[in-house]
Amino acid sequence: MSTVVVLLGPPGSGKGTQAKRLVDVLGTPHVSSGDLFRHHLSRETELGLMAKSYMEQGGLVPDDVTVKMVIERISRPDCEEGVVLDGFPRTLTQAEALDGALEKRGQEVTVVPLIEVNDDEVLRRLTARRTCEDCGAVYNLLFSPPQEKGVCDVCGGSLYQREDDNPETVRHRLYTYYKETSPLIGYYFAKGVLVEVDGEQSVDEVHKELRETIKAAREQV
Ligand code: AP5
Ligand code: MG
């Protein structure tokens with residue numbers, strides 16, 4: 001039985017942080033559409049350069065290219081046992097495309113934890129986020145700072161601030177979330193797979209709640 005987890009929630013709700021922890025437990029890959037776009041951008045591929053303007057403004061990259069990129073990734077053999085999806089789907093069109101692609105492989109979405117965090121907390125967290133340019137480890141200057149300023153605890157790499165983590169762009173990303181992505185709450189609720197999780201707890205507490213949520217969902221299948 002495969003386990004497909006779709007982490008839903010506003011920017012800064014902790015999707016990436018929690019996905020990294022969950023894959024250690026579940027043993028499935030972590031697929032983040034944002035990370036895939038940033039990877040393309042760092043290599044200056046055609047796709048990365050096309051996505052750049054949308055990302056910088058806090059809007060969504062068009063559905064057709066996003067769906068193609070993510071479906072190609074999750075169709076690889078390493079996702080046969082499941083996957084933790086982070087930041088995808090983000091529109092109803094993407095959600096339907098995901099369902100279609102999974103169905104072809106005899107899979108389905110197992111559970112959709114909705115990680116809830118209020119807008120002020122999102123702003124606070126994202127303007128304080130720092131990421132390692134080498135290993136991708138994520139820090140927060142307020143909640144989980146590195147031991148040495150600007151240096152990754154894990155690999156010694158330099159920490160950078162994401163270009164879209166300035167207050168103006170974060171506000172626009174929140175607007176995009178409410179407008180384009182929040183309809184997915186109803187979509188997955190209707191399918192009986194949505195579970196609300198309080199994202200304002202500590203990272204450990206959210207992780208614990210997510211593990212319990214996923215365990216319960218797997219037992220129901
Ligand atoms: P993406 O990279 O997915 O950005 P996002 O959804 O805005 O989410 P974030 O990565 O900002 O937040 P997160 O929820 O992962 O939080 P994190 O764990 O880092 O997308 C970027 C862009 O790419 C989009 O704007 C769009 O343009 C494009 N894109 C991506 N996917 C797309 C799609 N499907 N369709 C179209 N376009 C797409 O945590 C945030 C901070 O908080 C960190 O510093 C962390 O340390 C801290 N933190 C986490 N949890 C806690 C906690 N419990 N308590 C305190 N601090 C915490
Ligand atoms: Mg993320």
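Quick caveat: nothing in here was measured; it's all calculated off a predicted structure. Each ligand, and each atom within it, is numbered from 1 in the order the structure gives.
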Open item on the list: Test question: given the 4.5 Å side-chain rule for I, L, V, M, F, W and Y, name all other residues clustered with Phe143, or answer none.
Closed with: Leu142

Open item on the list: Give the residues near ligand 1 by chain and number, with the criterion being a heavy-atom distance under 4.0 Å.
Closed with: Pro10, Pro11, Gly12, Ser13, Gly14, Lys15, Gly16, Thr17, Ser33, Gly34, Phe37, Arg38, Tyr54, Met55, Gly59, Leu60, Val61, Thr66, Gly87, Phe88, Arg90, Gln94, Arg125, Leu126, Arg129, Val138, Tyr139, Asn140, Phe143, Ser144, Arg162, Asp164, Arg173, Gly199, Gln201, Ser202, Val203

Open item on the list: Could you check whether any side-chain N or O of Arg173 sits under 3.5 Å from a backbone N or O of Pro11, counting only pairs where one atom can act as donor and the other as acceptor?
Closed with: no

TODO: Could you tell me whether Glu72 and Lys68 make a salt bridge, using a distance below 4.0 angstrom between a side-chain N and a carboxylate O?
DONE: no

Task: Leu184-Val122 co-clustered via ILVMFWY side chain contacts under 4.5 Å - done: yes

Open item on the list: I'd like to check Arg130 versus Pro146 (side-chain heavy atoms, cut-off strictly below 4.5 Å). Are they in contact?
Closed with: no

- [ ] Could you tell me whether Arg162 and Asp164 have a side-chain N and a carboxylate O separated by less than 4.0 Å?
- [x] yes

